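What follows is a single structure, written as structure tokens, with notes after it.
Throughout, protein chains are lettered first and strands after them, A, B, ... in sequence-line order, and every chain is numbered starting at 1. Remember, it's a predicted structure, so these values are computed and weren't measured experimentally.
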Amino acid sequence: MASYTVAHGKAKCFYDHYERKADLQHQTHYCPGCGHGIVHKLIAGTIDALGIQDRTVLISPVGCSVFAYYYLDVGNIQVAHGRAPAVATAVKRSRPESIVISYQGDGDLAAIGTAEIVHAANRGENFTVIFINNAIYGMTGGQMAPTTLLGQKSTTTPFGRNVWNEGYPLKVCELLASLTGPVYIERVALGDNKQIMRAQRAVRRAIEIQTQGLGFSLVEILSPCPTIWKMNPVEAQHWVKEEMTKTFPLGVFRDRTKEAERRPAPAHAPPLAEIPRILGIANGASRRAAAAAPLNDAEPRDLRIKVAGFGGQGVLLLGQVLAEAGLDAGLEVSWLPSYGPEMRSGTSNCHVRLSARPIDSPLVSRPNVLLALNEPSLRKFLPTVEPGGWVFYNGTALAEDCHREDVQILVRPFTKMADELGETRAGNIVMLGALLESTGVLSEQHVNGALRRLVKSERWLEINRLALAAGREAARKGNGHEK
Amino acid sequence: MAKQLIKGNEAIVKGAILAGCRAFYGYPITPASEIAEAAAFYFPQAGGVFLQAESEVAAINMVYGAAAAGVRVMTGSSGPGISLMQEGISYLAGAELPCVVADIMRGGPGLGNIAPEQGDYHQVVKGGGHGNYRTLVLAPSSVQEMADLTHLAFELAEEYRNPVVVLADGYIGQMMEPVEFPAEAAAPHRLSWAVEGTAETRHNLITSILLEPDLLEAHVRALEAKYRRAEREAVRFESWRTEDAEIVLVGYGIVARVLKAVVEQARARGLAVGLLRPITLYPFPVAEVRRLCRRAAAFLVVEMSTGQLVEDVRLAVEGRRPVEFYSRTGGNVPSAEETLDFVQETADRHSQMAVPEGQLAYG
Ligand SMILES: Cc1ncc(C[n+]2csc(CCOP(=O)(O)OP(=O)(O)O)c2C)c(N)n1
Ligand code: SF4
Ligand SMILES: [Mg+2]
């Protein structure tokens, strides 16, 4: 048996009896000579020395150390294979006073969990990773790990690890040291007592860095797995020292402790009473709807509006202005957009409903108002308009084959009119002016209120005011309804 | 009362913060991205944590971490992201950790498209990860419900110590409707079982591994008992104009909205049609389906998938009545007109089958 001089009796933060373990509660489940047991002692000793037992949260991985929580009398969270850094991130972010230790094997950290460790390190998360590199998958019975040495046999590299098939052993410290985020990265080994002493110092250093709030620290520990390696503990220790260190040189790969800034403390939570204001839903922020529906005609209306055009013509905004104004007017409203890439190129449309009654479907398949900002939209949706409905078309004339006798169609070059006002993109609002004038829906006051909420710049408000007036004027002029 | 016109996705975030949620971890995906965007804006201001994770795998495990630390936490995603989260959701259920996951469904399988679909029903409602667990699933069909059911989701998650999914489709996420929020925000509170990194919580353990078969069986049975309790106590549905309905339409999310219009139009034609809208997809409103069997001649399930919800309806009906099915997929939403045609057809086929009231023995 190897003689480990580090363990002077049991650390205080080990449980006296391992009650979470089903049997043999006085000994660990690790094999004789296993590195995990030694590293547990290094961690326990550090926790005792730093007086952080109550604050410590240990994240156990999937691997032989899955039951680390049998032994360490600290807050314990067992997690999915490879995801410890993600879990540790969230624990630390929500409980910044805690000391979080992510304990991971080489399969866990360097294979399945590669993304999580790289990104946690890169964010400079303020927790500590203890990384056990035993060059093998211990728990599952000896398959290849990303750290398995070239030529090393495992149950899935029966002829030895071959560069052409499995690539090179992954060097985690070197990899992570290429990032700016980490504060401290060291590789140590359990190859002899001297190395173990060094490992103890590294573990302590790494955890101390966390207590100082400096950021991400990781200690990789080359660690014996006598059982899978089919060696006795002494041979295994020797193999760590003589063989593993050739591929995985020991040393400090990153030490930014001097220049690292303390991670800023999270901002204080605002008083609860402030939350509605922060969310913009305090009574002042949202509106009280008008008492009655001030529609110009006696009939309670149910407007089913389809707005359609090219992306960039303000289709969605036009719909939103209508919905916002409708809400102000005390109506039930809904706004449903086409979304995604459609908005970027090609066509865009939205469905708007304004109703005196609760709205069943927000989808408008049979509109009674069609606002067609281009010809494809007119062609596509004109056939769906309900008889007696309104159609507003942004153009100069209707094509021969694009006509209906049973609906009212107003054709105006709305975009061109906006152009003349100095802002092509206001064509949608010119069309809105024509809609308001022709149909008498929605009062000026409600539309202006909506525009004020949706349009932030003064310049645009002024353009929109002119656009609305121009649209109204256009609707009044001439015979108006071109069939 | 004060109402605000906002998107479904934004309503989820505001509803969550009002419910005391103080951590959000997510990864962008259309049509759910506004959830992460609104969370990035509001969570830090509300004293919470927002982090854009490196993947949905990481995001759900961050959710696991925050939940283990006793914080109300959520994530939001869509089909492909939810697929990646399934392992984590299984761990959350196994470790009995509460959290809320919003799934704003898009078209699948594979990359599919970003238009609304309801193809995630199976993977969400049936517990898409490994092992014997369920997620409680709430299905909003309005923007108001996006806020309200998110709030309820946090309550249920904590009560049952289990993940709760808010399952909506792209349209419910993207559309705007007026929402009325509660005037006061719920206070975050402590959970005795959490691991906070404090003396009081030092002995707490969060884990899902139980090596001994007997111990794991006991755990699985305890989870099962919890789900049975949810089936008794947590069921929610809207039964609309079903009292005299001979044809009961069944649908959720945006489809249920279309079906309401269909009910109106069908009734205008003299057809006795009603709507059953499950609000909890798990637990499913089995008892209500059976009650409606007494009167209804047929059920007509409409969904934006090739047949997922319909299976639960058939299980509940247990052959008592015919269950018809109409669906659109790929991002197409069934229109009221086409659905009405199908209702008419169904009514014609089943008109002779209507059973006089009271004649049915089972229910
Ligand atoms: C998603 C998933 N894939 C695979 C496994 C099976 N598994 C358990 S432990 C392990 C490897 C552990 O190796 P390592 O991280 O090196 O830990 P060691 O046992 O060597 O300490 C694997 C592959 C799992 N639990 N989960
Ligand atoms: S298999 Fe290897 S790593 Fe696992 S306990 Fe045994 S010696 Fe340790
Ligand atoms: Mg290993």
Side-chain angles (χ1 to χ4, degrees), chain A residues 20 22 53-57 66 69 73-80 83 86-91 93-95 97-100 115-116 119 266-270 272 275-276 278-281 283 285-289 320 323-324 327 333-337 339-341 360-363 365-366, chain B residues 2-5 14 17-18 23 25 30-31 42 44-47 49 51 53-55 57-58 61-66 68-69 71 87-88 91 114 170-171 174-178 181 183 185 187 195-199 201-202 204-209 212 257-258 260-261 264 333 335-337:
Chain A
R20 286 173 174 156
Q53 185 179 7
D54 285 341
R55 292 165 65 196
T56 299
V57 176
V66 63
Y69 61 76
D73 180 5
V74 296
N76 275 292
I77 302 174
Q78 197 291 316
V79 305
R83 317 304 171 203
V87 176
T89 292
V91 173
R93 295 260 182 145
S94 280
R95 303 288 179 207
E97 294 304 313
S98 64
I99 302 299
V100 179
E116 284 76 10
H119 285 274
H268 274 294
L272 217 50
I275 296 287
I278 289 166
L279 297 179
I281 56 172
N283 264 343
S286 48
R287 278 147 299 121
R288 288 186 179 279
Q320 237 178 301
E324 282 275 353
L327 180 61
V333 304
S334 65
W335 173 92
L336 186 147
Y339 59 84
D360 41 38
S361 173
L363 282 140
S365 43
R366 298 280 282 149
Chain B
K3 284 197 175 184
Q4 189 174 49
L5 188 69
K14 292 186 178 185
I17 291 173
L18 288 168
Y25 297 96
T30 310
Y42 291 116
Q45 295 185 62
V49 177
L51 184 61
E54 55 270 29
S55 69
V57 173
N61 282 283
M62 289 170 182
V63 166
Y64 183 100
V71 178
E87 183 204 28
Y91 271 76
I114 59 166
Y171 269 157
Q174 294 294 326
M175 72 189 209
M176 285 191 178
E177 284 182 325
F181 288 100
V195 175
E196 298 175 353
T198 57
T201 65
R202 197 180 88 205
N204 289 344
L205 166 67
I206 303 296
T207 186
S208 65
I209 182 170
E212 289 294 317
R257 299 290 295 273
V258 176
K260 277 203 171 170
E264 288 307 312
V333 182
S335 71
E337 292 74 24

Heavy-atom pair count under 4.5 Å with chain B, highest-scoring of [options]:
| options | result |
| --- | --- |
| Ser365(A), Ala115(A), Ser361(A) | Ser361(A) |
| Ala269(A), Ala88(A), Ser94(A) | Ser94(A) |
| Val66(A), Leu272(A), Thr89(A), Leu279(A) | Leu279(A) |
| Ser334(A), Ala80(A), Pro266(A) | Ala80(A) |

With side chains defined as the heavy atoms from C-beta onward, is the minimum distance between Ile17(B) and Phe181(B) less than 4.5 Å?
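Contact flag for Ile17(B)/Phe181(B) side chains = no.
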Non-hydrogen side-chain atoms of Tyr25(B) and Val49(B) separated by less than 4.5 Å
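A side-chain contact under 4.5 Å exists here.
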Leu363(A) versus chain B, heavy atoms under 4.5 Å apart: side chain, backbone, both or neither?
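Only the side chain of Leu363(A) comes within 4.5 Å of chain B.
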So for Ile275(A), is it side chain, backbone, both, or neither that comes closer than 4.5 Å to the heavy atoms of chain B?
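The side chain, not the backbone.
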Heavy-atom pairs under 4.5 Å with chain A are the metric here; pick the option from [options] that has the most.
| options | value |
| --- | --- |
| Lys260(B), Met175(B), Gln45(B), Arg202(B) | Arg202(B) |
| Gly47(B), Ser55(B), Gly65(B) | Gly65(B) |
| Ala46(B), Pro44(B), Ser335(B) | Ala46(B) |

What part of Val258(B) gets within 4.5 angstrom of chain A, counting heavy atoms only: side chain, backbone, both, or neither?
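Val258(B) touches chain A through backbone and side-chain heavy atoms alike.
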Heavy-atom contact with chain A under 4.5 Å, split by part of Ala199(B)
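The answer is both parts of Ala199(B).
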For Asn61(B), does its backbone N or O pair with a side-chain atom of Arg83(A) as donor and acceptor, under 3.5 Å?
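Looks like no, no N/O pair under 3.5 Å.
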Examine distances only and state if a side-chain atom of Gln53(A) and a backbone atom of Asp73(A) form a donor-acceptor pair shorter than 3.5 Å.
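Indeed, once roles are kept as given, a pair shorter than 3.5 Å links the two residues.
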Does one side chain, of Glu196(B) or Ser98(A), offer a donor that lies under 3.5 Å from an acceptor on the other?
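No.
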Which pair of heavy atoms, one from Glu116(A) and one from Glu54(B), lies closest together, and at what distance?
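The pair with the smallest heavy-atom distance is CA-OE2, 3.3 Å.
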Heavy-atom pair with the smallest gap, counting every atom of Ala323(A) and Trp335(A)
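Closest heavy-atom pair between Ala323(A) and Trp335(A): CB-CB, 4.1 Å.
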Start with the C-alpha distance between Val57(A) and Ile99(A), add both sets of side-chain angles, then the distance that settles side-chain contact (heavy atoms from CB on, under 4.5 Å), and finish with yes or no.
CA-CA 6 Å; Val57(A) 176; Ile99(A) 302 299; over 6 Å; no
